[in-house]
Student: 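Below you'll find the structure I mean.
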Amino acid sequence: MRQNFFQATLNLVKKIPVGQVSTYKIMATALGRPLAARAVGRALNKNPELIATPCHRVIKSNGEVGGYKKGKLMKKSLLKQEGIEFFGERVKDLDQYLFKFNLKK
DNA sequence: AGTAAGGCGGGCA
DNA sequence: GTGCCCGCCTTAC
């Protein structure tokens, strides 16, 4: 399932609705690996299609933007275009935009 | 096969 | 809030 993890990750990112975001942790959990947040980031970094796969909608669990292959500035810009606002390096009202997939809080 | 790296998380000083 | 370290997981060399 190693190779599949990569696929599953990209696939999962595509499920994030426009105007919403998720965190590496949540995604890792959704993938069955609550502790693989790092691996998720690794996968997204090697994301073949930056546009088709909205990896910019994935941020850190603490609300910070996190990183982006093309730079976090670009990431923030893309998110802003989707209606998400920022407060410095953090997403404003994170819980409001946070997409938790099928997970229950 | 071994090791380093990477868009992280959490705990503690 | 900041900084540091350790832990976790997968991918690349």
Side-chain angles (χ1 to χ4, degrees):
Chain A
M1 290 288 265
R2 270 31 176 191
Q3 182 76 56
N4 197 21
F5 183 85
F6 178 77
Q7 284 294 327
T9 301
L10 299 183
N11 188 51
L12 196 59
V13 177
K14 293 177 183 176
K15 295 180 182 175
I16 303 175
V18 178
Q20 289 198 283
V21 298
S22 189
T23 71
Y24 299 99
K25 185 184 178 183
I26 292 176
M27 289 188 58
T29 302
L31 291 170
R33 294 286 180 289
L35 305 180
R38 222 168 183 176
V40 173
R42 195 110 175 67
L44 294 181
N45 187 357
K46 294 171 179 2
N47 166 1
E49 300 180 77
L50 288 175
I51 312 302
T53 308
C55 43
H56 58 273
R57 289 180 197 152
V58 186
I59 61 177
K60 290 194 181 184
S61 64
N62 65 349
E64 288 178 30
V65 185
Y68 191 57
K69 199 176 183 187
K70 279 293 185 178
K72 50 186 178 182
L73 293 180
M74 166 94 77
K75 186 171 183 177
K76 289 166 70 176
S77 296
L78 291 171
L79 290 174
K80 285 182 180 179
Q81 289 179 51
E82 300 183 346
I84 295 173
E85 296 175 59
F86 288 89
F87 189 83
E89 288 298 294
R90 290 206 214 140
V91 175
K92 187 181 178 184
D93 298 323
L94 177 59
D95 196 66
Q96 178 184 309
Y97 304 108
L98 197 57
F99 182 62
K100 300 175 182 173
F101 297 93
N102 305 316
L103 302 180
K104 303 302 177 185
K105 47 182 171 178

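Note that the structure is predicted; figures quoted are calculated from it, not measured. Quick note on labels: first sequence line is chain A, next is B, and so on, each numbered from 1.
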Student: May I have the distance from E64(A) (atom CD) to dG1(C) (atom P), rounded to whole angstrom?
Tutor: 9 Å

Student: If you look at every strand shown and take non-hydrogen atoms under 4.0 Å, does K72(A) touch a base, only sugar-phosphate, or nothing?
Tutor: nothing

Student: Choose from dG10(B), dC8(C), dA12(C) the nucleotide whose nearest atom is closest to any side-chain atom of K25(A).
Tutor: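 Closest of the options to the side chain of K25(A): dG10(B).
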
Student: Atom CG of L31(A) and atom P of dT11(C): how far apart are they, to the nearest Å?
Tutor: 11 Å

Student: May I ask you to test the V40(A)-R33(A) pair for a side-chain heavy-atom distance under 4.5 Å?
Tutor: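 No, every pair of side-chain atoms sits at 4.5 Å or beyond.
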
Student: Specify the separation, in whole Å, of atom CZ of F87(A) and atom P of dG1(C).
Tutor: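 One finds 10 Å between P of dG1(C) and CZ of F87(A), rounded.
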
Student: Nearest whole angstrom, please: distance from the C1' of dG9(B) to the CE of M27(A).
Tutor: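 Answer to the nearest Å: 15 Å.
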
Student: Using a 4.0 Å heavy-atom cut-off across all strands, classify A36(A) as base, sugar-phosphate, or nothing.
Tutor: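 Sugar-phosphate, no base atom in range.
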
Student: Is the phosphate of dC8(B), meaning OP1 or OP2, less than 4.0 Å from a side-chain N or O of T23(A)?
Tutor: no

Student: What's the CZ-P distance between F6(A) and dT10(C), to the nearest Å?
Tutor: 14 Å

Student: Would you check if the side chain of K76(A) reaches a backbone N or O of F86(A) as a donor-acceptor pair within less than 3.5 Å?
Tutor: no

Student: Phosphate oxygens OP1/OP2 of dT10(C): is one of them under 4.0 Å from a side-chain N or O of R33(A)?
Tutor: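 Indeed, a polar side-chain atom of R33(A) lies that close.
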
Student: Between atom OH in Y24(A) and atom P in dC8(B), what is the gap in whole Å?
Tutor: 5 Å

Student: Restricting to non-hydrogen atoms, name the atom on R90(A) and the atom on N62(A) that form the minimum distance, rounded to 0.1 Å.
Tutor: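 So the minimum-distance heavy-atom pair works out to CD-O, 3.9 Å.
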
Student: Tell me which of N62(A) and R42(A) sits closer to the 5' end of DNA chain B, going by the nucleotide each one is nearest to.
Tutor: R42(A)

Student: Identify the nucleotide, in any strand shown, that forms a Watson-Crick or G-U wobble pair with dC8(C), with both distances under 3.5 Å; if there is none, say none.
Tutor: none

Student: Pick base, sugar-phosphate or nothing for K60(A), based on heavy-atom distances below 4.0 Å to the nucleic acid.
Tutor: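 Sugar-phosphate, no base atom in range.
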
Student: For A43(A) and L10(A), which heavy atoms make the closest approach, and how far apart are they?
Tutor: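 Closest heavy-atom pair between A43(A) and L10(A): O-CD2, 4.3 Å.
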
Student: Applying a 4.0 Å non-hydrogen cut-off, can you work out what V58(A) is touching in the nucleic acid: base, sugar-phosphate, or nothing?
Tutor: base

Student: Using atom types as modelled and distance alone, determine if a side-chain donor or acceptor of N47(A) lies under 3.5 Å from a backbone N or O of T53(A).
Tutor: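 Here the side-chain-to-backbone pair exists.
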
Student: Toward the 5' end of DNA chain C, which comes first, L35(A) or A43(A), by nearest nucleotide?
Tutor: L35(A)

Student: Please figure out whether R90(A) or A37(A) has its closest DNA chain C nucleotide nearer the 5' end.
Tutor: R90(A)

Student: Would you say the base of dG9(B) and the side-chain of R38(A) have a donor-acceptor pair closer than 3.5 Å?
Tutor: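 For R38(A), whose side chain was compared with the base of dG9(B), there is no donor-acceptor pair (under 3.5 Å).
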
Student: Which whole-number value in Å describes the distance from K69(A) NZ to dT11(C) P?
Tutor: 15 Å

Student: Starting from P on dG10(B), measure out to CD1 on I26(A) and report it in whole angstrom.
Tutor: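 Atom-to-atom, I26(A) to dG10(B), this comes out as 10 Å.
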
